[in-house]
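To start, the structure itself, in structure tokens.
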Amino acid sequence: MGERKIKSIESTSIGKTSRKNDDGIYTGENFVAVIDGVSHKSTIKIDGKEIKIANIITEAIKKIDSPSAPVYAKELTFEEFVIFINMYIKKYLDNMNFPLQERMLEATGAIYSKYYNQIWLVGDCRAIYDKCALEHELKIDKVYEDIRAKVIETLLEAGYTQEQLLENDISKPIIANSEDIPQYIKNEQVAKELQEYITDTMKQTLLHSGFTEQDITEQHLLEKYNNPRKLQEYLKNNPNAGEYGYSVFNGIKTEPKNCRVQDLPKDVKKIKLFSDGFPTNILNNDKDLGYAIRQNRKLAQKDPLGINENKTVRNAVRQSEREKFLAIDDYSAVCFKIEYLKERDDER
């Protein structure tokens, strides 16, 4: 097998609304990446200028992949790569006189390294290589999705309509403060059962996050972490957070232990990297990205509340001019193939 060469096939990056997209894509000689800015933590404004963490990270990758970069730059291991990316984010913001604060900017990503022939997953971005799916699910998001689905199903049974919940997703305040459930659901027994479901689900999540029954009781953890979003701050970049730990880029630290590094076959041919806005099953085929985009929109139309076929943490976004649903999240993907340059006999 000769030297590998990256050849781009196609890419797309579409925002859930026409005016906003938190994702970024990079394709170069030694690296390919899809970067997904974390909702509400992906963008800041400095002197009226919008700064996206996805753009900072793709700029950083471009720096180490440029012809003028030192040779060792393309040979960065995954651990060295995440250290460099976070240092770059911090330096970038320092130069803008913007003090970096934890939880200020966050992103996940899927990166291909040609030198190591590896895929690196930070957070819940995904990949497919020669029809082999590679995921790194954020289990805490799955907890939120399951709780949200249960809340919305209960609200629908209580008389709320789909249209009402699309206009005002009251599952968010309910999940944030389950003690407020009686304000939304008047049936006392139903409200009590829903509150117990949320409490039991959070207790099981805590037990899988490195805590014991004794910890939960003595430290009053069910009061401290009464919903998935609060617990998320403990789990993030925490090497001791059990199976629910996960990592992000944030300019401070990315915990390698909570990421995924996948060696690829020496003869790998086709690779797709994509954000979690794309369900894996609609990309794991030989069809182009246009097909995947159409399927994504059909899914948003079919299940706009995101509680059935594609459980999510949010509703689909309506395209007001046509009253159709665009998507449930930003979605980005890049498809590329690996070509192999044949070795001459005297190089073997």
Side-chain angles (χ1 to χ4, degrees), residues 6-17 20-28 31-39 42 52-55 57-58 61 78 81 85 106-114 117-138 141-142 145 246-249 259-262 264 268-300 303 306 309-314 316-317 326-338:
I6 294 170
K7 185 171 183 180
S8 177
I9 300 174
E10 59 176 336
S11 64
T12 188
S13 187
I14 301 174
K16 52 183 172 285
T17 68
K20 191 173 186 295
N21 186 349
D22 296 326
D23 297 353
I25 291 176
Y26 174 80
T27 303
F31 296 97
V32 181
V34 168
I35 306 299
D36 182 4
V38 174
S39 296
S42 64
K52 297 181 181 179
I53 189 171
N55 292 347
I57 294 173
T58 54
I61 298 172
F78 172 66
F81 176 87
I85 294 297
E106 295 177 9
T108 62
I111 302 99
Y112 172 72
S113 163
K114 186 181 78 171
N117 195 32
Q118 291 177 335
I119 290 173
W120 303 334
L121 298 184
V122 176
D124 56 356
C125 282
R126 305 163 182 183
I128 296 168
Y129 59 96
D130 293 343
K131 296 189 178 180
C132 294
L134 187 64
E135 297 182 316
H136 193 228
E137 182 184 56
L138 264 62
D141 271 0
K142 181 69 168 56
E145 291 162 9
Y246 73 99
S247 287
V248 294
F249 295 112
C259 300
R260 183 166 182 178
V261 174
Q262 179 69 41
L264 301 185
V268 65
K269 295 179 177 63
K270 190 173 181 180
I271 300 171
K272 299 177 182 179
L273 307 178
F274 51 104
S275 66
D276 67 329
F278 273 120
T280 301
N281 63 329
I282 69 171
L283 276 172
N284 200 1
N285 50 56
D286 292 324
K287 300 182 184 295
D288 63 14
L289 290 179
Y291 167 83
I293 293 168
R294 291 190 295 274
Q295 292 302 113
N296 226 23
R297 289 179 175 172
K298 285 180 181 178
L299 187 59
D303 182 21
E309 290 184 50
N310 185 33
K311 287 184 181 179
T312 68
V313 300
R314 59 181 66 83
V317 176
L326 278 174
I328 288 176
D329 196 2
D330 298 341
Y331 49 107
S332 301
V334 58
C335 305
F336 57 101
K337 61 183 179 179
I338 305 299

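A distance of 8.5 Å separates CG in N296 from CD1 in I14, rounded to the nearest 0.5 Å. Taking CG of N284 as the start and NZ of K272 as the end, the distance is 7.0 Å to the nearest 0.5 Å. Here the OG atom belonging to S247 is positioned 7.5 Å from the NE2 atom belonging to H136, to the nearest 0.5 angstrom. Once rounded to the nearest 0.5 Å, the distance linking OG1 of T12 with CG of L289 reads 6.5 Å. Atom CD of E145 sits about 7.5 Å away from atom CD of E137, to the nearest 0.5 Å. In this structure, CZ on F336 lies 11.5 Å from OG on S11, to the nearest 0.5 angstrom.
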Practice item. Start with the C-alpha distance between I271 and L264, add both sets of side-chain angles, then the distance that settles side-chain contact (heavy atoms from CB on, under 4.5 Å), and finish with yes or no. Key: CA-CA 10 Å; I271 300 171; L264 301 185; 3.7 Å; yes
Point to revise | Worked verdict on W120 versus F81 for side-chain contact (heavy atoms from CB on, under 4.5 Å) | key: CA-CA 10 Å; W120 303 334; F81 176 87; 3.5 Å; yes
Exercise for review: Step by step, work out the salt bridge (Lys or Arg N to Asp or Glu O under 4.0 Å) result for K52 and D23.
Suggested key: CA-CA 9 Å; K52 297 181 181 179; D23 297 353; over 6 Å; no
Practice item. Step by step, work out the side-chain contact (heavy atoms from CB on, under 4.5 Å) result for L121 and R126. Key: CA-CA 7 Å; L121 298 184; R126 305 163 182 183; 5.8 Å; no
Practice item. List the steps and the verdict of side chain to side chain donor-acceptor pair (under 3.5 Å) for N285 and Y291. Key: CA-CA 10 Å; N285 50 56; Y291 167 83; 4.9 Å; no
Practice item. Show your working on side-chain contact (heavy atoms from CB on, under 4.5 Å) between I85 and I61 and close with a plain yes or no. Key: CA-CA 8 Å; I85 294 297; I61 298 172; 4.0 Å; yes
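Looking at heavy atoms from C-beta onward, F274 lies out of side-chain contact with C125 at the 4.5 angstrom threshold. I9 is listed as a side-chain neighbour of K270, based on a closest heavy-atom distance under 4.5 Å. Side-chain atoms of D286 and K131, non-hydrogen and from C-beta on, do get closer than 4.5 Å to each other. In this structure, F249 and V122 have side chains that are in contact, with non-hydrogen atoms separated by less than 4.5 Å. For the pair Q262 and Q118, the minimum side-chain heavy-atom distance is 4.5 Å or more. Counting only heavy atoms from C-beta outward, the side chains of Y331 and V34 never approach each other to under 4.5 Å.
The minimum heavy-atom distance between I111 and A33, with the atom names listed, is CG1-CB, 3.9 Å. The minimum heavy-atom distance linking Y112 with I119 is given by the pair CD1-CG1, 4.2 Å. Closest approach of G28 and I6 over heavy atoms only: O-CD1, 3.7 Å. Residue F278 comes nearest to A333 through the heavy atom pair CE1-CB, 3.7 Å, listed as atom of the first residue, atom of the second, then distance. The two residues A292 and L283 make their nearest non-hydrogen contact at CB-CD2, 3.7 Å. Closest non-hydrogen pair, L273 versus A110, comes out as CD1-O, 3.5 Å.
Every residue two or more places apart in sequence or in another chain was checked for a side-chain hydrogen bond (donor to acceptor under 3.5 Å, both in side chains) with D130, and none qualifies. Residues satisfying the side-chain contact (heavy atoms from CB on, under 4.5 Å) test with A54, not counting sequence neighbours, are I35. In terms of the side-chain contact (heavy atoms from CB on, under 4.5 Å) criterion, residue partners of L138 (sequence neighbours excluded) are, by chain and number, D124, D141, Y246. Remark: Y129 engages no residue in a side-chain hydrogen bond (donor to acceptor under 3.5 Å, both in side chains) (not counting sequence neighbours). When the side-chain hydrogen bond (donor to acceptor under 3.5 Å, both in side chains) test is applied to T280, the partners found at least two apart in sequence or on another chain are E135. Shown here are the side-chain hydrogen bond (donor to acceptor under 3.5 Å, both in side chains) partners of K269, two or more places apart in sequence or in another chain: there are none.
Side-chain atoms of D36 and S275 form no donor-acceptor pair, as typed in the model, at a separation below 3.5 Å.
No more than 12 heavy-atom neighbours from other residues, nucleotides or ligands sit within 6.0 angstrom of NZ on K287.
Taking 4.0 Å as the cut-off between side-chain N and carboxylate O, D303 and K311 do not count as a salt-bridged pair.
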